[in-house]
> 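Pasting a structure here, questions to come.
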Amino acid sequence: MSKVEIIDVNMNYHSLKGETTALRNININIEKGEFVSIVGPSGCGKSTLLNIIAGLIKPSSGTVTVDGEEIHSYSERLGYMFQRDHLFEWLSVFNNVSLGLNIKHEINSKSKKKLESLLKKYNLWEFKDHHPKELSGGMRQRVALIRTLAMDPEVLLLDEPFSALDYQTRLNVSDEVYEIIKKEGKTAIMVTHDISEAVSMSSRVIILSKRPARIKNDVPIIFEEKYKTPFSRREAPIFREYFNGIWRELEVNSIGK
């Protein structure tokens, strides 16, 4: 598990029409093992911020560090899970999850044993020779997550990871993904438009304002011990309070107040 610090990050885009500020003075500390969600109005720069954290985009100013080490570009300490699973249809489940290791020429008896362990632990071993088209949407997403975990990142970045799934599947898969992340001891940062998803999965929800995005609020999310899964948390009395509070802040954003 690793600590992530986002320090005075600003992002400006330049065009022939002038300069547009996307992010302004973003400061976030994410402790080891936290699951933090970022929400905000459409187009405010949530995914831009996630890409800056990932090292895929260089900010105009500011820094991102993992355990004090500055992230300048792609780092193996960070794993990225996209909106779609991006599985290769012509590869088996096993070959999909081992793809990154193959590219790095790190497939050996030890890494194969680790992949076998992950697939067995998360009920996919019997499907190791299947192809993605033979899997449900939820199973595909689990395969995508295990492919990311196979590279042993310390921090997981999730960009709308369930948006391509139908509602019922999203509920089931959010439980499964949450359990996997917690069992593997990863720090997680998720961007989502879904307030319910953010509240049910997170230890904190960070609310961004409309563009130029700044941090409008940082909401700690605390449930009673008996509400252990994202699905069960949706039934907790305090869930509606969290949801309504975040909704109101986003509504104010949308009408420009």
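The chain is numbered in sequence order, starting from 1. Small disclaimer: the values here were computed from a predicted structure and weren't measured.
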> Determine whether a donor-acceptor pair (N or O, by modelled atom type, separation under 3.5 Å) exists between the side chain of T148 and the backbone of M81.
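Here the side-chain-to-backbone pair does not exist.
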
> Would V205 and I221 satisfy side-chain contact (heavy atoms from CB on, under 4.5 Å), going step by step from the backbone distance to the final call?
CA-CA 7 Å; V205 175; I221 305 293; 3.9 Å; yes

> Find the distance between NZ (K104) and CG (L99) and round it off to the nearest 0.5 Å.
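CG of L99 is found 12.5 Å from NZ of K104.
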
> Show the nearest heavy-atom pair for residues L101 and M151, with the distance to one decimal.
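Of all heavy-atom pairs spanning L101 and M151, the closest is N-SD, 3.7 Å.
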
> For the CE atom of M201 and the CZ atom of F162, what is their distance to the nearest 0.5 Å?
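Rounded to the nearest 0.5 Å, the CE-CZ separation comes out at 4.0 Å.
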
> Same cluster or not: are L135 and L91 linked, directly or through other Ile, Leu, Val, Met, Phe, Trp or Tyr residues, by side-chain heavy atoms under 4.5 angstrom apart?
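No, L135 and L91 fall in different hydrophobic clusters.
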
> Applying side chain to side chain contact (heavy atoms under 4.5 Å, CB included) between L49 and each of I28, I189, I206, I57, report the one that passes.
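The option that passes is I28.
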
> For the residue pair V191 and V39, establish whether any side-chain heavy-atom pair is separated by less than 4.5 Å.
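No - every pair of side-chain heavy atoms lies 4.5 Å or more apart.
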
> Would you call D152 and R77 a salt bridge, using N to O less than 4.0 angstrom?
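The answer is no: the pair does not qualify as a salt bridge.
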
> At their closest point, which heavy atom of R147 faces which heavy atom of L87, and how far apart are they?
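For R147 and L87, the tightest heavy-atom pair comes out as NH1-CD2, 3.6 Å.
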
> I'd like to know if E116 pairs up with K120 as an ion pair, taking the criterion as any Lys NZ or Arg NE/NH1/NH2 lying under 4.0 Å from an Asp or Glu carboxylate oxygen.
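Looking at K120 together with E116, the answer is yes, because their closest N to O distance falls below 4.0 Å.
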
> Side-chain polar contacts of residues 121-128 - donor-acceptor pairs under 3.5 angstrom, sequence neighbours left out - could you list them?
from: K121; atom 1: NZ; to: E184; atom 2: OE2; distance (Å): 3.0
from: Y122; atom 1: OH; to: E184; atom 2: OE2; distance (Å): 2.7

> Taking E34 for the side chain and E31 for the main chain, is one N or O donor matched with an acceptor at less than 3.5 Å?
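Between the backbone of E31 and the side chain of E34 there is a qualifying donor-acceptor contact (under 3.5 Å).
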
> Looking at G40 and L250, what are the two nearest heavy atoms and their distance?
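Where G40 meets L250 most closely, the heavy atoms are CA-CD2, 3.6 Å.
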
> With a 4.5 Å cut-off on side-chain heavy atoms, are P237 and F223 touching?
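The answer is no; the side chains never approach within 4.5 Å.
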
> For the pair N51 (side chain) and L56 (backbone), establish whether a donor and an acceptor sit closer than 3.5 Å, ignoring hydrogens and angles.
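No, N51 side chain to L56 backbone: no donor-acceptor pair under 3.5 Å.
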
> Any chance you could lay out the side-chain contact (heavy atoms from CB on, under 4.5 Å) test for L156 and L149, step after step, and finish with the verdict?
CA-CA 9 Å; L156 287 172; L149 291 172; 4.1 Å; yes

> Looking at R24, I'd like to know if its CZ atom is crowded, meaning that more than 12 non-hydrogen atoms belonging to other residues, nucleotides or ligands lie closer than 6.0 Å.
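Open.
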
> Can you find a side-chain donor-acceptor pair between E89 and H131 that sits under 3.5 Å?
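Their side chains do not contain a donor-acceptor pair, so the 3.5 Å distance test is not met.
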
> Check whether any side-chain heavy atom of S196 lies under 4.5 Å from a side-chain heavy atom of R234, and answer yes or no.
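Yes, their side chains come closer than 4.5 Å.
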
> side-chain contact (heavy atoms from CB on, under 4.5 Å), that's the test. Do T21 and R211 meet it? Break it down for me.
CA-CA 7 Å; T21 301; R211 183 176 287 190; over 6 Å; no

> Is there a donor-acceptor pair closer than 3.5 Å between any side-chain N or O of N217 and the backbone N or O of I207?
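Not confirmed, N217 side chain does not pair with I207 backbone.
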
> In this structure, would V219 and W247 fall into the same cluster of hydrophobic residues linked by side-chain contacts under 4.5 Å?
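Linked within one cluster.
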
> Within this structure, what is the CG-OH distance for the pair L157 and Y80, rounded to the nearest 0.5 Å?
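Reported value, rounded in 0.5 Å steps: 7.0 Å.
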
> Ignoring hydrogens and angles, state whether a donor on the side chain of S61 or N10 is under 3.5 Å from an acceptor on the partner side chain.
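Indeed, the side chains of S61 and N10 share at least one donor-acceptor pair under 3.5 Å.
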
> Looking at N27 and I7, would you say the former's side chain and the latter's main chain have a donor-acceptor pair under 3.5 Å?
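No.
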
> Taking all non-hydrogen atoms of both residues, which atom of P230 and which atom of S174 are closest, and how far apart?
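What the structure gives for the nearest pair is CG-O, 3.9 Å.
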
> Answer yes or no: is there a donor N or O on one side and an acceptor on the other, between the side chain of S111 and the main chain of N108, under 3.5 Å?
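Yes, the answer is positive, given that a donor and an acceptor are paired below the 3.5 Å cut-off.
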
> Side chains of Y242 and R233 only: does a donor on one sit below 3.5 Å from an acceptor on the other?
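Their side chains do not contain a donor-acceptor pair, so the 3.5 Å distance test is not met.
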
> Look only at the side chain of S75 and the backbone of I71, and say whether a donor-acceptor pair between them is shorter than 3.5 Å.
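No; zero donor-acceptor contacts below 3.5 Å.
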
> Rounded at 0.5 Å granularity, tell me how far CG in L50 sits from CG in D159.
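Answer for the CG-CG pair, L50 versus D159, is 5.5 Å.
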
> Test your reading of the model: is there a side-chain donor-acceptor pair from D175 to the backbone of T229, 3.5 Å cut-off?
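Checked: no pair found.
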
> Does a salt bridge link E154 with K32, judged by any charged N lying under 4.0 Å from a carboxylate O?
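Not counted as a salt bridge, because no side-chain N and carboxylate O are separated by less than 4.0 Å.
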
> If you compare all heavy atoms of I26 against all heavy atoms of A213, which two are closest, and at what distance to 0.1 Å?
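Heavy atoms only, the tightest pair is CD1-O, 3.6 Å.
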
> Look up atom CG in D8 and atom CG in L23, then write down how far apart they are to the nearest 0.5 Å.
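Between atom CG of D8 and atom CG of L23 there are 12.5 Å.
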
> Would a single hydrophobic cluster contain both V199 and L171, if residues Ile, Leu, Val, Met, Phe, Trp and Tyr are joined by side-chain heavy-atom contacts under 4.5 Å?
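Shared cluster, no.
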
> Going only through I, L, V, M, F, W and Y residues with side-chain contacts under 4.5 Å, is there a path from I246 to I222?
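The answer is yes; both residues are in one hydrophobic cluster.
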
> More than 12 foreign heavy atoms under 6.0 Å from NZ of K112: is that the case here?
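Atom NZ in K112 is not crowded, with 12 or fewer foreign heavy atoms closer than 6.0 Å.
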
> Looking at residues at least two apart in the chain, or sitting in another chain, which of them share a ring pair (Phe, Tyr, Trp, His ring centres under 6.0 Å) with F35?
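Residues passing ring pair (Phe, Tyr, Trp, His ring centres under 6.0 Å) with F35: none at all.
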
> In terms of ring plane angle, is the pair W90 and F88 parallel, tilted or perpendicular, where the classes change at 30° and 60°?
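The arrangement is tilted - the two ring planes meet at 30° to 60°.
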
> Any salt bridge linking E197 with R170? Criterion: basic side-chain nitrogen under 4.0 Å from a carboxylate oxygen.
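Here E197 pairs with R170 in a salt bridge, since their nearest N and O are under 4.0 Å apart.
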
> Identify the heavy atoms of S202 and V36 that sit nearest to each other, and give their distance.
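Closest heavy-atom pair between S202 and V36: OG-C, 4.3 Å.
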
> Find out whether I238 and F243 are in side-chain contact, i.e. whether some heavy atom of one side chain is under 4.5 Å from a heavy atom of the other.
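Side chain of I238 against side chain of F243, heavy atoms only: no contact under 4.5 Å found.
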
> Do any N or O atoms from the side chain of T187 and from the backbone of G33 form a donor-acceptor pair under 3.5 angstrom?
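Side chain of T187 to backbone of G33, a donor-acceptor pair under 3.5 Å: yes, one is there.
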
> Taking atom types as modelled, is there a side-chain donor on S92 or D129 under 3.5 Å from an acceptor on the other?
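Per modelled atom types, S92 and D129 side chains form no pair under 3.5 Å.
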
> Quick one: does any side-chain atom of K46 pair with a main-chain N or O of M190 as donor and acceptor, under 3.5 Å?
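Answer holds: no.
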
> Can you hop from I103 to L78 via hydrophobic side chains spaced under 4.5 Å?
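Cluster IDs for I103 and L78 differ.
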
> Could you check whether any side-chain heavy atom of V4 comes within less than 4.5 Å of a side-chain heavy atom of N29, counting everything from C-beta outward?
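A side-chain contact is absent here, since even the closest heavy-atom pair is not under 4.5 Å.
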
> Go through it in stages, so that I can follow the logic: the residues are E160 and H193, the test is side-chain contact (heavy atoms from CB on, under 4.5 Å), and I'd like the CA-CA distance, side-chain angles, deciding distance and then a yes or no.
CA-CA 7 Å; E160 297 275 0; H193 284 90; 2.3 Å; yes

> Return the CE to OG1 distance between M11 and T20, rounded to the nearest 0.5 Å.
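If I round to the nearest 0.5 Å, the distance is 11.0 Å.
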
> Using the test ring pair (Phe, Tyr, Trp, His ring centres under 6.0 Å), find all partners of F239 that sit at least two apart in sequence or belong to another chain.
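Per chain and number, F239 pairs via ring pair (Phe, Tyr, Trp, His ring centres under 6.0 Å) with no residue.
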
